[in-house]
Asks: 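Handing you a structure now.
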There are 2 protein chains.
Amino acid sequence: MATIYDVAAAAGVSPKTVSRVLNGEGPVGRKTREAVETAMAGMGYVPSNAARMMRSNRSGLVGVITGAISTADEARPTGLPELVIVQGIQRVMAERGMTMMIADTGDRSDTVPALVETFLRHRVEGLIYVAEYHRKVTLPAIPKDTPVVLANCYDDAGTTCILPDDEQGQRDLVTRLIAAGHRRIAYLTLMSHLDATRLRTAGYRAALEAAGIAHDPALVTCCETTSPEAETRLLHAAVERLMRLPEPPTVLCCGNDKMALKLYGILRSRGTRVPDDVSVAGYDNHRVIAETLYPPLSTIELAYGAMGGRAAELLLSLIRGEAAPDAPVLVRGPVYWRSSVTALGTTLDPSTTSSTTGGHNG
Amino acid sequence: MATIYDVAAAAGVSPKTVSRVLNGEGPVGRKTREAVETAMAGMGYVPSNAARMMRSNRSGLVGVITGAISTADEARPTGLPELVIVQGIQRVMAERGMTMMIADTGDRSDTVPALVETFLRHRVEGLIYVAEYHRKVTLPAIPKDTPVVLANCYDDAGTTCILPDDEQGQRDLVTRLIAAGHRRIAYLTLMSHLDATRLRTAGYRAALEAAGIAHDPALVTCCETTSPEAETRLLHAAVERLMRLPEPPTVLCCGNDKMALKLYGILRSRGTRVPDDVSVAGYDNHRVIAETLYPPLSTIELAYGAMGGRAAELLLSLIRGEAAPDAPVLVRGPVYWRSSVTALGTTLDPSTTSSTTGGHNG
DNA sequence: CGATGACATGACACCGGTGTCATAGTGCGG
DNA sequence: CCGCACTATGACACCGGTGTCATGTCATCG
């Protein structure tokens with residue numbers, strides 16, 4: 001591969017002048033510049049980042065650690081949103097001329113130290129760790145002069161992090177359901193130990209409380225387990241129980257869109273029509289599911305893309321030496337209102353359907 | 001960040017000796033090695049890949065160009081399989097100690113030249129281009145000493161490529177349906193200009209022909225368009241027409257799993273039960289859909305992961321200077337037999353359900 | 001007309017490793 | 001006791017750019 005010296009010789013100038021042309025730096029005569037540019041184009045010269053980095057000490061690289069790649073298309077849809085975070089990061093980094101190195105954990109946390117080491121060898125200017133769902137993580141030691149941002153996760157060390165606003169999200173969705181006239185709102189949660197479940201349940205209750213609706217524990221059930229079959233049975237049992245209540249729910253809120261997909265099949269098999277007999281809402285705005293289901297699913301977006309974007313911006317500001325925020329940055333997404341939820345004929349208070357919760361139609 | 005000189009000074013040896021310890025190269029005395037290792041650990045030394053590369057000219061980097069990241073979670077599920085290809089590449093590259101740089105096209109082909117340039121600046125040892133679906137591509141000029149492999153696509157220049165065996169795949173699936181007693185097999189295709197559609201239709205006909213079943217053009221319809229609503233209408237109309245035929249089909253083969261998901265909703269709305277009234281088969285084994293649908297979907301896997309793995313292995317062999325295969329490498333996946341297809345009470349010829357088409361149950 | 005400063009360019013060291021070659025120590029057979 | 005092969009280590013140049021400083025050439029101005 002051609003070097004700056006080859007170009008210099010071909011153009012009849014010194015290597016330093018070629019370097020100046022490359023970087024548009026310092027005064028260079030018009031004719032000299034043209035000669036250099038011609039020579040570069042003629043020999044297909046591409047500068048070596050490695051050589052440049054040696055002296056200037058700026059790699060232009062950021063590292064992203066994720067399980068997005070290895071968890072994609074596994075039965076759980078969590079891997080996909082994770083990927084959207086990476087997309088958000090990518091978008092911002094590309095704008096700023098940074099190159100992204102992606103390392104995949106292969107879904108095993110013990111590979112992380114090696115991945116970090118690889119990044120450090122390449123002298124990345126910063127690191128982003130992306131988790132597959134809202135949770136706590138523990139990172140290996142990273143030199144403190146390398147900025148780190150956590151996306152979709154947090155740690156005990158208080159590392160800068162971006163998190164989804166699960167509490168406010170569920171609250172927005174339930175508030176919207178209440179505005180549509182629903183009073184008996186069931187909540188089929190994800191696994192109970194998850195941060196998301198804790199926060200969303202709090203949001204669910206806050207929305208009820210704000211509307212003066214008493215909380216009925218019989219309406220809240222965990223419907224997620226690690227085994228797909230057991231989960232189907234769990235969901236089945238929950239639906240049976242809920243629909244036989246003296247005052248059955250008018251809407252079933254699912255922990256995520258995938259659960260809603262499963263729920264559709266179960267409701268169909270027992271002859272319950274959506275949304276005529278009961279409404280269904282999801283969580284995530286997993287578009288392959290939400291838009292393709294029949295009827296299309298009302299849900300709330302987790303704004304993973306925005307989370308990635310914010311994480312990237314935050315990392316870049318840390319790289320510039322700016323101060324880190326002292327609290328987690330919370331990101332919210334809009335409600336997507338589709339035909340899986342019907343409006344009950346109740347007076348609608350416009351103040352409860354604010355613009356932040358009013359969604360676009362996909 | 002500490003350098004090899006700092007380590008050398010701390011250990012009381014020369015930089016070259018530190019280099020030897022790093023690379024486990026040449027004879028180094030036990031006590032010397034230990035002193036160096038202690039010094040390295042003590043100061044958290046991490047070697048600079050850039051510096052190493054200057055002299056040895058091996059970057060240990062491979063570039064992957066894809067739209068996987070930006071197309072993920074868009075309504076079309078094509079972006080997801082693409083990602084599985086990347087996963088396959090990643091798995092093999094990680095095994096071989098290569099670091100993967102991923103560049104995303106942002107779904108616009110005009111960004112590709114810039115991405116290639118970025119990779120060349122980093123002196124990648126090879127490039128893989130991953131397409132979102134089986135199709136022809138045109139790459140920008142790439143120095144011929146940099147090996148390139150195309151995954152899920154091909155070009156006019158005869159660049160080394162890995163392709164899904166669409167024809168054989170559809171043939172395997174239809175052969176399996178025939179073995180289950182089906183004779184009237186409808187095929188709802190993807191858009192007609194796609195390579196996949198052309199090849200799979202050929203495979204569909206080949207399977208019929210091999211079984212001595214006459215091809216009925218009334219059973220084959222294109223059911224994909226660019227607009228989701230128009231597509232739903234198209235699918236609706238196709239189902240109406242097919243089910244009113246004098247001799248209606250006993251199974252509906254969909255162009256992909258997403259179409260099958262849509263079809264489930266349409267069949268439900270007209271009171272047609274799956275698989276009691278009609279069987280349904282997909283294509284892709286898009287697990288989020290195929291396993292979660294009720295009843296679970298019979299489908300055939302495109303083996304995207306395997307394609308990625310083969311692409312990576314092929315690239316590594318090209319990097320080693322081995323010769324390229326002179327024809328596209330075709331990759332097949334297994335049939336996944338789930339409960340969306342019922343067996344009709346016909347004699348089953350065991351010879352038609354070979355081990356290559358017999359699928360696992362997910 | 002000589003001093004001054006902006007412009008244009010080059011010489012040279014340096015970044016952090018590695019390849020090549022030289023050299024000092026060590027055990028051993030003749 | 002000497003030459004020899006082998007082990008252990010270091011000196012030094014080099015990879016391909018960039019930062020620093022020096023130098024040469026004009027146009028401008030007092």
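Proteins get letters first, then strands, A, B, ... in listed order; numbering begins at 1 in each. The figures that follow rest on heavy atoms only: side chains count, while hydrogens, waters and symmetry mates do not.
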Asks: Using whole Å, what does the distance between atom P of nucleotide dA11(D) and atom OH of Tyr5(B) come to?
Replies: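 It is 12 Å, rounded to the nearest whole Å.
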
Asks: Any idea which of dG10(D), dT9(C), dG16(D) is nearest the Thr3(A) side chain?
Replies: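 That would be dG16(D).
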
Asks: Consider the side chain of Ser14(B), meaning its heavy atoms from C-beta on, and name the nucleotide among dG10(D), dG16(C), dC15(C) that approaches it most closely.
Replies: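 Closest nucleotide to the Ser14(B) side chain: dG10(D).
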
Asks: Identify which nucleotide among dT9(C), dG10(C), dG17(D) has an atom closest to any side-chain atom of Ala51(A), counting heavy atoms from C-beta outward.
Replies: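 For the Ala51(A) side chain, the nearest candidate turns out to be dG17(D).
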
Asks: Side chains of Tyr154(A) and Asp195(A) only: does a donor on one sit below 3.5 Å from an acceptor on the other?
Replies: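 A donor-acceptor contact under 3.5 Å links the two side chains.
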
Asks: According to a strict under-4.0 Å criterion, is Ser56(A) in side-chain N/O contact with OP1 or OP2 of dC15(C)?
Replies: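 Negative; the distance criterion is not met.
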
Asks: OP1 or OP2 of dT18(D) less than 4.0 angstrom from a side-chain nitrogen or oxygen of Asn23(A), does that happen here?
Replies: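 Checking Asn23(A) against dT18(D): at least one side-chain N or O falls below 4.0 Å of OP1 or OP2.
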
Asks: Counting distance only, does the side-chain N/O of Asn49(A) pair as donor-acceptor with the main-chain N or O of Arg121(B) below 3.5 Å?
Replies: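 Judged by distance alone, no pair lies under 3.5 Å.
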
Asks: Starting at the 5' end of DNA chain D and moving along, which residue's nearest nucleotide shows up first, Arg55(B) or Arg33(B)?
Replies: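 The residue whose closest nucleotide sits nearer the 5' end is Arg33(B).
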
Asks: Which nucleotide, dG17(C), dG10(C), dG19(D), lies nearest any side-chain atom of Tyr45(B)?
Replies: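 Looking only at side-chain atoms, Tyr45(B) lies closest to dG17(C).
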
Asks: Let's see if you can work this out: which of dC7(C), dG10(D), dT18(C) has an atom nearest to the side-chain heavy atoms of Pro27(A)?
Replies: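 Closest nucleotide among those given: dC7(C).
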
Asks: Could you work out which one of dT9(D), dG16(C), dG19(D) sits closest to the side chain of Glu25(A)?
Replies: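 Between dT9(D), dG16(C), dG19(D), the one nearest the side chain of Glu25(A) would be dG19(D).
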
Asks: Would you mind telling me which of dG17(D), dT9(C), dG10(D) lies closest to the side-chain atoms of Thr17(A)?
Replies: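 Closest nucleotide among those given: dT9(C).
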
Asks: Is there a donor on the side chain of Lys16(B) or the base of dG19(C) sitting less than 3.5 Å from an acceptor on the other?
Replies: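 Between dG19(C) and Lys16(B), which were checked side chain against base, a qualifying N/O pair under 3.5 Å is present.
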
Asks: Got a second to check how far Leu139(B)'s CG is from Asp155(B)'s CG, nearest 0.5 Å?
Replies: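 Leu139(B) atom CG to Asp155(B) atom CG measures 6.0 Å (nearest 0.5 Å).
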
Asks: Using modelled atom types only, decide if a donor and an acceptor are shared between the side chain of Thr105(B) and the backbone of Val112(B) within a distance under 3.5 Å.
Replies: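 Not confirmed, Thr105(B) side chain does not pair with Val112(B) backbone.
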
Asks: Please confirm whether any donor atom in the side chain of Arg20(B) sits under 3.5 Å from an acceptor in the base of dG10(D), or the reverse.
Replies: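 Looking at the base of dG10(D), it does pair with a donor or acceptor on the side chain of Arg20(B) (distance under 3.5 Å).
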
